[in-house]
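Side-chain atoms are counted along with the backbone in the values below, which use heavy atoms only and exclude waters and symmetry mates. Bear in mind the structure is a predicted one, so any value in this text is a computation, not a measurement. Residue numbers begin at 1 in each chain, while the letters A, B, ... track the order of the sequences.
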Amino acid sequence: MDTEIKVFNRFQPFKVIIYIVCIFLAALSLFPFIIMIVNATRSTPEIQGTAVSLIPSKFLARNYEILVSKDMFDPIKGFINSVIISTGATLCAVYFSSLTAYAIVVYEWKLRRGFFTFIMAVMMIPGVVLSIGFYKMVYAVGLANNYLPLIIPSIAAPAIVFFMRQYMIPALPIEIIQSARIDGAGEFYTFNKIALPILKPAIATQGIMCFVQQWNNLFMPLILLTQKKMYTMPIMVSLLKGDIYKVEYGSVYLGLTLTVLPLFVVYFLLSKYIIAGIAVGSVKG
Amino acid sequence: MKRFIAALLCLAMIIGCLTACSSDEKDGGSGAKTENSGSESGDNGGSVAAPKADEKKVINLWAFTDEVPNMAKRYKELNPSFDYEIKETIIATTDGAYQPALDAALAAGGDDAPDMYCAEAAFILKYSQGDASQYAATYKDLGIDVDKMIADAAISDYSVAIGTRPSDNQVVALGYQATGGCFIYRRSIAKDTWGTDDPSTVQDKIGGGSGSWDKFFAAAEELKAKGYAICSGDGDIWHAVENSSDKGWLVDNKLYIDPKREEFLDLSKKLKDNGYHHDTQDWTEGWFADMKKDGGVLGFFGPAWLINYTLGQNCGSDAEGNNSFGDWAVCNSPIGFFWGGTWVLANKDSKAKNGVAELIKWITLDCSEKGLQYYWANGTLNGEGGTKDSVASGTVMSKSDGKLDFLGGQNMFDYFVPANKYANGKNLTQYDESINSLWRDAVRAYTGGTATRDEAIANFKQTVKDQLGID
Amino acid sequence: MKRKRVSYAKYGYIFSIPFVVTFLVCTLYPIIYTGVIGFTNLKGSTMAFSDAKFLPSLGQGLWDNFVDTLTAPTFHTALKNTVKMWVVNFVPQITLALILAAWFTNNQKKIKAQGFFKVVFYLPNIITAATIGILFANLFAYPKGVVNDILLQLGFIDSPFNFAISASAAQNSVSFMQFWTWYGNTMIVLIAGILGINPEMYEAAEIDGANGNQQFFYITIPNLKTMLLYTLVTSLIGGMQMFDIPRVFLNGQPQNSTLTASLFIYTQAFSGSYQYNKASAASLIMFVIISVLSAVVFFMLRDKDEIKLHKIIKQQEREYRKKVKLAKQQLLKEGR
């Protein structure tokens with residue numbers, strides 16, 4: 001740390017540039033959201049007049065009225081439906097992914113390396129390939145308008161298994177498991193009572209990210225849920241946008257804001273876990 | 001972990017409840033009342049055999065806007081004895097999700113299948129005549145004496161033609177609107193340019209009813225000198241071009257570019273190069289902004305619904321002093337056309353046919369003063385002062401009043417009713433939604449200078465072939 | 001000893017059952033279904049799978065759908081676009097992420113409010129692509145839109161610019177959105193990578209008088225190689241599947257310039273004449289392309305990870321044996 005003084009002066013102007021860049025990027029990241037939130041309080045004519053404004057207007061209540069009056073957008077119902085699907089899928093994903101990762105890390109079985117390679121391969125399957133077949137299948141077995149086809153598939157979440165495995169290798173000492181065995185604990189009991197608590201931080205991270213992903217999911221719910229009372233938040237927003245005969249920009253922005261708001265709250269409350277968690281593995285971009 | 005499992009169990013229970021809901025509602029009362037209690041048209045001819053009582057009291061209604069579901073709801077309010085529960089499914093067409101979802105639901109069948117569904121002009125042919133027409137019930141099978149009622153209500157021929165299934169020559173779909181189009185212009189801009197806002201003069205200036213665009217462009221030049229645009233974007237004249245062409249996109253299952261549609265390339269280019277329009281794209285913010293007082297655009301092409309749903313909604317507000325309300329009038333378009341419309345169909349396997357029949361009859365064929373179309377034409381469906389629209393029944397139109405404050409008191413039916421003669425189903429295909437979008441893109445590339453005329457057409461043909469599977 | 005391990009091994013299978021069963025039903029079956037469709041004439045919105053016929057039985061070649069797709073100019077365009085938009089997004093993304101990661105981990109510069117910046121840079125990633133698409137479509141609107149308003153007021157342009165008509169502008173907009181959504185994520189991955197580098201290396205370099213740039217190029221970059229390659233390939237895989245943003249933003253237009261491979265497949269399957277068969281063939285072709293790329297990932301990931309894993313396994317085995325031995329001895333002792 002004593003070298004710090006030596007280089008301190010040299011880096012000073014550079015530091016200003018760094019802050020300018022960072023502040024610019026932060027503004028870039030926040031700008032669209034600020035516009036979205038501000039526009040949620042503005043009337044459609046105002047938005048059509050000038051699309052950008054940082055000054056909130058007074059039409060929030062009216063936009064909400066319009067939003068709800070369409071009889072398609074029921075924020076409370078949508079919220080509950082979204083919570084049910086997202087929570088269900090998240091619980092399934094983290095619990096079973098942990099279990100699968102546990103199977104790969106803790107036990108030595110013949111197929112385990114092949115199995116792991118296979119899971120990695122599954123991660124690379126393009127989503128579009130799946131959607132056509134899955135959608136046809138769900139309709140064929142009559143499970144449309146049911147939350148199960150939206151929740152169950154997340155039991156097989158290869159990306160989370162991969163993440164959990166990476167986390168488990170250093171974090172779950174085999175000795176603990178062995179001592180539990182010596183104490184006579186069953187394998188399933190050991191997983192639930194001993195391994196899971198140790199994995200808590202990883203579960204939290206993946207849980208949050210999985211929840212966010214599920215919450216944002218539009219395509220599958222849109223084609224699998226056809227009854228209004230089962231609609232999720234994103235479906236409701238997409239409907240509002242689609243009703244081209246009566247474009248109500250203020251309400252659309254408000255709808256978007258309402259969908260994003262719960263995510264913002266979760267994100268800012270738990271950002272530490274999320275930031276810590278991304279590092280280990282995410283496949284996309 | 002107990003909590004974990006408990007949570008999972010709870011969840012399973014919730015899901016169980018929610019899925020159970022969808023099935024436990026179907027066994028309501030079984031003594032179905034089949035005669036239509038609400039409509040007083042009394043045209044329920046005796047020749048049609050009385051259908052069996054309905055097995056279920058739930059009507060699954062599929063639509064792409066809330067329009068028809070709201071009608072059904074209103075019908076229930078007006079007729080308390082109509083004891084069906086309406087379950088609506090609304091999926092917007094803009095996300096391209098409506099058709100695949102509807103197709104899948106129709107194919108899957110069962111109690112959750114649509115009993116009644118709607119289709120827009122852009123894809124109605126698929127459901128009334130094309131691939132998916134096999135699912136539709138004929139109106140006759142619903143117990144509707146369809147021929148007599150069509151005659152009595154004087155339903156527009158094109159609405160019937162589009163809704164007739166060729167395989168058995170039976171009516172399976174009918175609309176409630178008439179969507180013949182006119183030119184809807186700003187009085188103040190007409191006055192400023194030509195000294196009068198009289199429809200017949202303006203019509204003469206823009207060549208209304210002339211069947212050619214020549215005078216329209218001459219008028220555009222005059223307007224340009226005054227600093228106005230004649231229309232907002234090329235999308236405005238596209239609908240006039242599209243639905244006045246002689247043939248649709250498909251002839252003998254091959255892609256066909258009608259000369260009138262091909263000419264749209266040149267029309268669009270001319271508008272753009274001379275600065276006759278604001279170069280907006282329809283259904284975008286710039287387009288809506290041009291409907292306001294300061295829009296600076298002479299007019300828009302459209303059927304009566306455009307006034308209520310689009311111009312009326314986007315004409316600005318008094319609060320900002322930018323309101324064009326009342327500053328509008330209607331005259332004939334240089335080229336006659338029609339645009340849009342919603343058709344209503346029933347599923348042949350529906351177990352609630354009587355209920356569906358009752359609704360469909362009320363919406364599409366009832367020409368009494370208690371029929372949907374009378375309310376619709378006079379804007380009285382949900383009480384006085386609602387939006388007025390041009391409807392399919394000539395009988396209803398003849399006794400309805402199309403005076404609108406929005407048009408400065410002009411009776412819009414004077415122009416919209418005659419315009420219906422341009423409407424026909426001959427230039428529609430079941431692929432219109434997709435192909436139109438690609439064609440409009442090609443035209444934009446040409447007018448924007450990013451492709452030559454030949455390149456634009458070649459790219460268009462190639463994309464249609466590769467993406468849509470049409471040679 | 002061996003027998004004992006075998007008895008535990010069965011739990012490896014048991015605990016994998018939920019994953020495998022779900023995978024078989026919800027992933028593999030749909031994929032095979034898709035695969036089979038690729039060899040049939042299944043087309044049209046209402047044709048049932050049971051009515052579909054294999055192409056040879058109709059006198060056509062078995063691989064016709066694949067050949068058609070591979071020779072379709074629009075598919076070539078889509079592939080080219082996908083790669084182009086990915087490259088234009090990835091190069092600045094990795095560069096910026098690397099620079100930011102270097103800044104944030106440099107303990108000489110001591111950037112303040114790091115936590116805030118990280119959280120905010122990552123923020124766009126949690127928002128659904130549909131929302132981003134709608135937002136940006138409005139921002140880039142023509143002739144009146146946020147970006148045009150700003151550019152006009154700053155005097156960069158004289159008349160509004162139509163982003164939706166210029167192929168390159170539309171592609172760059174999509175690339176920008178991808179960049180904007182993902183650079184925060186990449187940055188955080190790279191920060192983790194840099195923090196994993198042995199700090200002693202930097203200390204030694206400082207004693208030798210290496211400046212910040214030298215440290216970056218001679219220590220950070222070489223040690224970050226695996227991480228950078230991992231980022232590159234995973235991003236490529238994600239990029240090859242780019243779908244939501246181009247679809248919501250301009251739906252492939254203008255002139256197919258924002259048409260990606262996934263969007264091409266989707267349009268084939270769910271519009272026009274509903275060519276499920278060709279869309280399936282195109283899906284399988286994409287699957288092959290992506291698999292080849294994945295093979296590259298494996299190859300690179302295996303180096304370090306697998307070796308590490310092997311070591312751990314070996315070590316575990318050793319310790320396990322030791323433990324068993326100890327336990328046996330203890331038992332023997334107690335028994336005595």
Side-chain angles (χ1 to χ4, degrees), chain A residues 3-4 7 11 15 18 22 25-26 28-30 32 36 51-52 96 99-100 102-103 107-109 112 115 117 120-122 124-130 132-134 136-137 152-153 155-156 161 169 174 178 182 187 212 216 218 234 238 241 256 260 263 267 271 275 278-279 282-285, chain C residues 5 8-9 11-13 15-16 18-19 22-23 26-27 29-31 33-34 103 108-109 111 117-124 126-128 130-131 135 138 145-146 149 182 185-186 188-189 192 206 234-235 237-238 241 243 262 265-266 269 276 283 286-287 290-291 294 298 312 316 323 327:
Chain A
T3 49
E4 196 190 332
V7 284
F11 279 119
K15 227 171 145 178
I18 293 176
C22 286
L25 289 173
L28 199 65
S29 286
L30 291 172
M36 176 180 79
V52 208
F96 289 105
L99 190 68
T100 313
Y102 188 82
Y107 304 107
E108 180 144 357
W109 36 298
R112 100 166 162 184
F115 184 57
T117 310
M120 290 290 290
V122 171
M124 316 299 172
I125 296 169
V128 187
V129 184
L130 268 171
I132 299 170
F134 187 65
K136 290 226 152 203
M137 180 181 87
I152 299 297
I155 291 174
V161 175
I169 291 174
I174 208 82
Q178 280 160 349
I182 290 165
E187 293 299 304
V212 166
N216 284 333
L218 168 67
S238 78
K241 186 194 83 183
L256 291 177
V260 167
L263 288 180
Y267 178 68
S271 54
I275 301 293
I278 308 154
S282 68
V283 187
K284 244 176 206 175
Chain C
R5 227 188 310 146
Y8 280 123
Y11 288 100
Y13 292 99
F15 285 7
S16 310
F19 182 98
T22 313
F23 169 80
C26 300
T27 309
Y29 177 75
I31 290 175
Y33 194 85
T34 310
W103 286 348
Q108 290 161 359
K109 296 198 184 82
I111 305 298
F117 286 131
K118 283 183 201 164
V119 168
V120 170
F121 293 171
Y122 185 71
L123 182 67
I126 68 164
I127 306 304
T128 171
T131 307
L135 268 175
N138 288 338
V146 177
D149 280 3
W182 287 102
N185 183 76
T186 310
I188 285 163
V189 171
E206 260 165 38
T234 50
S235 168
I237 291 165
Q241 301 182 33
F243 174 73
S262 289
I265 294 169
Y266 177 84
Y276 292 122
S283 301
M286 281 314 288
F287 182 51
I290 292 174
S291 299
S294 328
F298 285 134
I312 291 166
Q316 282 170 6
K323 284 246 168 76

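- Partners of A:Thr100 according to the side-chain hydrogen bond (donor to acceptor under 3.5 Å, both in side chains) rule, which considers only residues two or more places apart in sequence or in another chain, do not exist here.
- A:Ser29 OG to C:Tyr122 OH: the interatomic distance, rounded to the nearest 0.5 Å, is 12.5 Å.
- With hydrogens and angles ignored, the 3.5 Å screen pairs a side-chain donor or acceptor of A:Tyr267 with a backbone N or O of C:Val119.
- Residues satisfying the side-chain hydrogen bond (donor to acceptor under 3.5 Å, both in side chains) test with C:Tyr33, not counting sequence neighbours, are none.
- The shortest heavy-atom contact between C:Phe23 and A:Ala156 is N-CB, 3.8 Å.
- By number of non-hydrogen pairs under 4.5 angstrom with chain C, the leading residue of A:Leu263, A:Ile182, A:Leu28, A:Val161 is A:Leu28.
- Of all non-hydrogen atoms in A:Phe96 and C:Pro18, the two that sit nearest each other are CD2-CB, 3.5 Å.
- Residue A:Lys15 holds its NZ atom at 13.0 Å from CH2 of C:Trp103, rounded to the nearest 0.5 Å.
- Between A:Leu30 and C:Val120, the closest heavy-atom pair is CG-CG1, 3.8 Å.
- How far CZ of C:Phe19 is from CG of A:Leu99: 11.5 Å, rounded to the nearest 0.5 Å.
- Heavy-atom distances place the side chain of C:Phe117, and not its backbone, under 4.5 Å from chain A.
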